[in-house]
Each structure stands twice: as structure tokens, then as C-alpha cells.
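The structure appears right after this line, and notes come after that.
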Amino acid sequence: MLDQVAAVIVVALVAQAVWRMPSALRGDGGQSALAGALAAFAGAWWVRSETGRSVIDMLGVTDLATLIKHILTIMGICAVLSYVTATYAEAGYPSSARHVRIAALVRRLALGTSLGTIVVLVAVFFFVLDRERPVANSPYFMTRHAGTMGLAAYMGLVYLYVAAATCVCGYQWAHAAQRAHRALRAGLTMMALAMALAVLYATLRAAYGVLIAIHQVSPAFVTAQETATDTLLHLTFVLWLVGMIAPAATALTARWRAWRELVALYPMWRDLARTVPDVVMYAPVELPGGRLGRWLGSARDCLRSDPRLLLERFVTEISDVVRTLSHLVPPDLYARAARVAEREGHTGLRARAVASAYWGRCAMLAVASGAVAHSAPVDAPPSADDDFDGFVARLVVVADVYRHVNDEIVRDLLTATPEAHVPHPSTSQARTP
């Protein structure tokens with residue numbers, strides 16, 4: 001079971017590293033350090049596998065796979081420390097805050113300490129450990145060198161570094177979680193908890209290394225210890241990866257929602273932008289080629305930039321166009337459109353959306369008919385009275401209704417006097433552009 005979990009961990013680490021590579025190449029906020037950490041950890045987990053050990057053993061150096069695994073682990077933790085401290089350096093916290101001072105101190109010491117640990121580790125590995133005459137024939141590195149002080153020195157060095165570094169990361173993530181919003185807080189809390197498990201893992205392994213260096217233990221104890229600490233290590237990385245993915249998954253969900261809202265608003269935005277082109281930043285793209293050209297033009301408009309930014313622009317431009325059109329429509333138009341919505345059986349927000357859709361179609365028809373602008377706006381749908389997300393949600397409903405407004409009712413609304421009766425629309429008159 002643990003082998004399958006290890007495979008999933010390696011795939012997740014590689015996938016995360018590849019996914020973050022573009023941001024790393026752009027130099028975005030410590031992403032290069034995080035991508036490097038993920039790659040180093042993926043390499044360490046691969047070396048830990050049977051396949052990885054077999055490949056390294058082909059070099060003919062006894063236990064070299066263990067040394068490489070530990071070096072990659074130290075490199076990965078060093079990169080994580082760099083990522084954490086870089087994040088705090090760019091977050092704008094006061095330099096006098098305790099966690100900022102700790103982050104600054106760690107940033108100054110991390111690289112040198114990591115390189116020094118690696119150098120000493122290599123020296124102990126090659127010059128202190130007697131790897132040619134193992135104490136026991138065992139698949140476990142620590143068991144093969146049990147009863148030697150070289151093992152206690154080697155494992156103590158590795159796990160002292162791991163415990164200290166992960167303790168710092170856990171402290172920083174736990175502090176950040178207290179100030180983060182809900183989705184990010186959940187991810188940071190899981191990452192801090194993973195670091196706590198890493199500290200516990202390193203402590204147990206270091207204590208075990210000292211124990212077997214001075215005292216002989218039974219094979220059953222060895223197996224139980226290896227299984228328990230392996231399980232703890234797997235749980236640590238699963239929790240850390242899930243915690244790291246949680247904010248990214250939330251951002252991806254928000255991006256997908258923005259994209260769907262953008263596509264829903266596009267037909268209405270396009271018609272409004274063509275009606276009053278002076279108030280939009282970029283006019284809708286018009287390409288030759290019939291339906292294919294229209295589809296390609298729509299794709300170009302909706303892929304011009306980040307969906308969230310484009311959605312904000314569409315919403316702003318829709319509001320600006322509505323403000324411009326309010327100078328061109330007859331008095332009391334929105335009130336008449338609201339009565340049409342009421343006669344169609346709509347209530348509440350749906351009635352408001354139906355009235356706004358009819359108003360917009362009437363305003364565009366007025367512009368096409370050569371309406372003369374008034375000196376001041378005489379009529380308009382209600383403006384935004386809630387937050388951005390709530391306003392977008394209402395606009396999406398308006399856009400949906402807009403696609404099915406009745407052209408005959410639109411003409412009657414535009415030409416009727418304020419007291420005139422507007423006929424009830426029939427199903428057969430419905431319009432779908």
C-alpha cells in the first residue's frame with residue numbers, strides 16, 4: 001500500500017513542479033524556489049524506490065542511493081525555506097514583527113547551513129561509516145550500520161537539520177494561516193500540520209539512530225519502527241501536497257467560474273459595445289468567414305487576457321454603455337419594461353433582470369433609429385447595489401434573458417407613450433439571436 005502511495009506522491013510532486021515552472025521562469029514571488037523544492041523531493045522519493053536504488057547501485061558505490069536521497073532532501077528543504085522567507089519578504093509585513101525577523105534570519109543562514117550540512121554529511125558518509133563491512137544483512141540502511149557511532153553521527157546530522165528547518169516552516173505557515181482567508185487558511189493549516197509531523201518523524205528517526213548505535217534491538221522492533229516512520233513520512237507529504245494544492249484548486253475554481261460568467265456575458269457585451277463603441281477599450285473582433293469567422297472573433301475577444309480581468313472589464317464597460325444609453329431612451333422606459341416583466345409572471349430579481357434586458361434591447365434599437373441624446377439621463381435600470389460577485393451574478397441572469405427577448409415587445413415599448421398598453425408576448429414571438 002505504501003508503495004502505491006509513494007508513486008502517487010512522486011507523480012504529484014512532478015506535476016506540481018511542472019505546473020509551477022512558467023511562474024518560476026517569470027520569477028514570480030519565490031515560485032522558482034518552490035518548483036526547485038518539488039523537483040528535489042520528487043528525486044528523493046524516486047531514489048527511495050526500488051527502481052531508483054537499482055539505478056544508483058549500478059554506479060558501484062555502496063549505499064550511495066541513501067546519501068543522494070538525503071542530499072536531495074536537504075536541498076528540497078532549503079528551497080522550501082527560501083520560498084517561505086521570500087513570501088514573507090514580499091508580503092509587506094512590518095520588519096519589526098517577530099515572524100518577519102525570524103524569516104529574515106533564516107533567509108541569511110539557510111543556504112550556508114544547508115551547504116555546510118551536505119559537506120559534513122558527505123565526509124561522514126565516506127570517511128566515518130564503514131560501508132564495506134555492514135553489521136547486518138538488511139534492506140534498511142540504519143540496521144546495516146547498527147552499533148556504530150558513525151551511524152549516530154550521520155543520522156543525527158540529517159535529522160537535526162530536517163527537524164530544525166521544518167520547525168521554522170511550520171511556524172511561518174501556522175502564523176500565516178491565522179491571517180489568511182478561508183481557502184488559503186485551510187491549505188496553510190494543513191502545510192503547518194505536515195511540518196509538525198515532519199518534526200516528529202525526524203525526532204523519532206534521530207532517536208532510533210542513537211538507540212541502535214548503543215543498544216541492540218530485535219528484528220520485530222526494527223520492522224515496527226520502519227513501518228511506523230514510513231507511514232508518518234507518507235502522511236507528511238500527502239498532507240503537505242494537499243495543503244499546497246488547496247489554494248491553487250480554489251484559484252482554479254475561481255478562474256473557471258470567471259470564464260463561465262465571461263462567456264455568458266459576451267453576447268450582450270458584444271451588442272452593447274457595437275452600439276456604443278467609444279466607451280469600450282477594445283471593439284469586438286469581426287472576422288470574415290461567416291459562422292466560423294464569428295466563432296473565431298468571439299474566441300479572440302474572450303481569450304484576450306486573464307478571465308477575471310476580462311470579466312471586470314466587460315462589467316465596467318456594460319455599466320458605462322448603459323449610462324450612455326440612458327441619455328437616448330424615452331422617459332419611463334424602465335418602468336414600462338418592469339410592467340412587462342410583471343405581466344409575464346416574473347417576480348423579484350428575475351423580474352428585475354427581464355426589465356433590464358428589455359430596456360437594453362430598446363436602447364440599442366433607439367440608437368439604431370437615430371435617437372437624439374438628452375442633456376441628462378432620463379431613465380436607466382438600477383445600478384449595482386451589491387458587491388462585484390453579486391452584480392456579476394445579476395448581469396448573467398440579464399444576459400440569459402437578453403438572448404430571448406421578444407422583438408415585437410421591444411418595438412412596442414420604444415414607441416408607446418408612457419400610458420400605452422404593451423401587449424403580452426407569445427411563445428411564438430420569442431427571439432434567440
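- If you take CD on Q31 and CH2 on W19, they are separated by 8.5 Å, rounding to the nearest 0.5 Å.
- The aromatic rings of H145 and F141 lie tilted to each other, with the angle between the two planes from 30° to 60°.
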Can I get a per-line list of side-chain donor-acceptor pairs under 3.5 Å for residues 274-284, giving both atom names and the distance, sequence neighbours left out?
{"unit_1": "T275", "atom_1": "OG1", "unit_2": "D271", "atom_2": "O", "d": "2.7"}

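- Interatomic distance, CE of M268 versus CZ of R361, reported as 12.0 Å (0.5 Å rounding).
- Every residue two or more places apart in sequence or in another chain was checked for a side-chain contact (heavy atoms from CB on, under 4.5 Å) with L252, and none qualifies.
- The two residues A355 and A337 have their closest heavy-atom pair at O-CB, 3.5 Å.
- Two residues are said to be in side-chain contact when any heavy atoms from C-beta on lie closer than 4.5 Å; V397 and L349 fail this criterion.
- Residues meeting the side-chain hydrogen bond (donor to acceptor under 3.5 Å, both in side chains) test with D389, sequence neighbours left out: R308.
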Could you give the side-chain donor-acceptor pairs of residues 296-305 under 3.5 Å, partners two or more places apart or in another chain?
{"unit_1": "S298", "atom_1": "OG", "unit_2": "R294", "atom_2": "O", "d": "2.9"}
{"unit_1": "D301", "atom_1": "OD1", "unit_2": "V285", "atom_2": "N", "d": "3.2"}
{"unit_1": "D301", "atom_1": "OD2", "unit_2": "Y266", "atom_2": "OH", "d": "2.6"}
{"unit_1": "D301", "atom_1": "OD2", "unit_2": "V285", "atom_2": "N", "d": "3.2"}

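- L72 is not listed as a side-chain neighbour of F41, based on a closest heavy-atom distance of 4.5 Å or more.
- Partners of E286 according to the side-chain hydrogen bond (donor to acceptor under 3.5 Å, both in side chains) rule, which considers only residues two or more places apart in sequence or in another chain, do not exist here.
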### Task
For side-chain contact (heavy atoms from CB on, under 4.5 Å), just list the numbers for V340 and H346, CA-CA rounded to whole Å, side-chain angles, deciding distance to a tenth of an Å, and then say yes or no.
CA-CA 9 Å; V340 170; H346 303 292; over 6 Å; no
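- Residues R20 and M244 meet the side-chain proximity criterion, which asks for heavy atoms closer than 4.5 Å.
- Using a 4.5 Å heavy-atom threshold, the side chains of C167 and Y171 count as separate.
- Qualifying side-chain hydrogen bond (donor to acceptor under 3.5 Å, both in side chains) partners for T229, counting only residues two or more places apart in sequence or in other chains: Q225.
- Rounding to the nearest 0.5 Å places CD1 of I74 at 11.5 Å from NZ of K69.
- Residue pairs meeting the side-chain hydrogen bond (donor to acceptor under 3.5 Å, both in side chains) criterion with at least one member in residues 255-264, sequence neighbours excluded: R255-D306.
- Between W240 and L13 there is a side-chain heavy-atom pair separated by less than 4.5 Å.
- Between Y334 and W359, the ring center distance fails the sub-6.0 Å criterion.
- Counting only heavy atoms from C-beta outward, the side chains of M142 and Y208 approach each other to under 4.5 Å.
- Summarising the geometry, atom CG belonging to L333 is positioned 10.5 Å from atom CG belonging to L325; distances are rounded to the nearest 0.5 Å.
- L233 contributes atom CG, which lies 8.5 Å from atom OG1 of T73 (distance to the nearest 0.5 angstrom).
- Applying the salt bridge (charged side-chain N to carboxylate O under 4.0 Å, His left out) definition to pairs two or more places apart or across chains, those involving residues 135-146 are D63-R144.
- Put simply, the side chain of V162 reaches to within 4.5 Å of the side chain of I77, judged on heavy atoms.
- Screening residues 152-161 for side-chain hydrogen bond (donor to acceptor under 3.5 Å, both in side chains), with sequence neighbours left out, gives H70-Y154, S114-Y161, Y159-R205.
- Here the closest heavy-atom approach between residue V199 and residue T203 is recorded as O-OG1, 2.8 Å.
- Put simply, CG on L121 and CG on L67 are 6.0 Å apart, with the number rounded to the nearest 0.5 Å.
- Distance alone, capped at 3.5 Å, places no donor-acceptor pair between the T143 side chain and the P139 backbone.
- The shortest distance between side-chain heavy atoms of H175 and L188 does not fall below 4.5 Å.
- Looking at every heavy atom in both residues, G150 comes nearest to V124 through O-CG1, 4.0 Å.
- Of all the heavy atoms in C169 and V84, the pair that sits closest is SG-CG2, 4.3 Å.
- When all heavy atoms are compared, the tightest approach of G52 to S49 is N-OG, 3.1 Å.
- For residues 149-168, no residue pair satisfies the salt bridge (charged side-chain N to carboxylate O under 4.0 Å, His left out) rule, not counting sequence neighbours.
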### Task
Show your reasoning for whether side-chain contact (heavy atoms from CB on, under 4.5 Å) applies to E312 and F388.
CA-CA 9 Å; E312 292 176 357; F388 178 79; 3.7 Å; yes
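- H215 places no side-chain N or O within 3.5 Å of a backbone atom of L211 that could act as its donor or acceptor partner.
- A search for side-chain hydrogen bond (donor to acceptor under 3.5 Å, both in side chains) contacts involving R313 returns E317, not counting sequence neighbours.
- Note: Y402 and W269 fail the aromatic proximity criterion, with ring centroids not under 6.0 Å apart.
- Among pairs with a residue in residues 51-61, those fulfilling salt bridge (charged side-chain N to carboxylate O under 4.0 Å, His left out) read E50-R53, at least two apart in sequence or across chains.
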### Query
Going through the distances and angles, do V55 and V47 end up as a side-chain contact (heavy atoms from CB on, under 4.5 Å)?
CA-CA 8 Å; V55 172; V47 172; over 6 Å; no
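- When every heavy atom of A357 is checked against every heavy atom of V401, the shortest pair comes out as CB-CG1, 3.7 Å.
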### Task
Output, in order, the C-alpha distance, side-chain angles, deciding distance and verdict of side-chain contact (heavy atoms from CB on, under 4.5 Å) for F391 and V396.
CA-CA 9 Å; F391 185 45; V396 168; over 6 Å; no
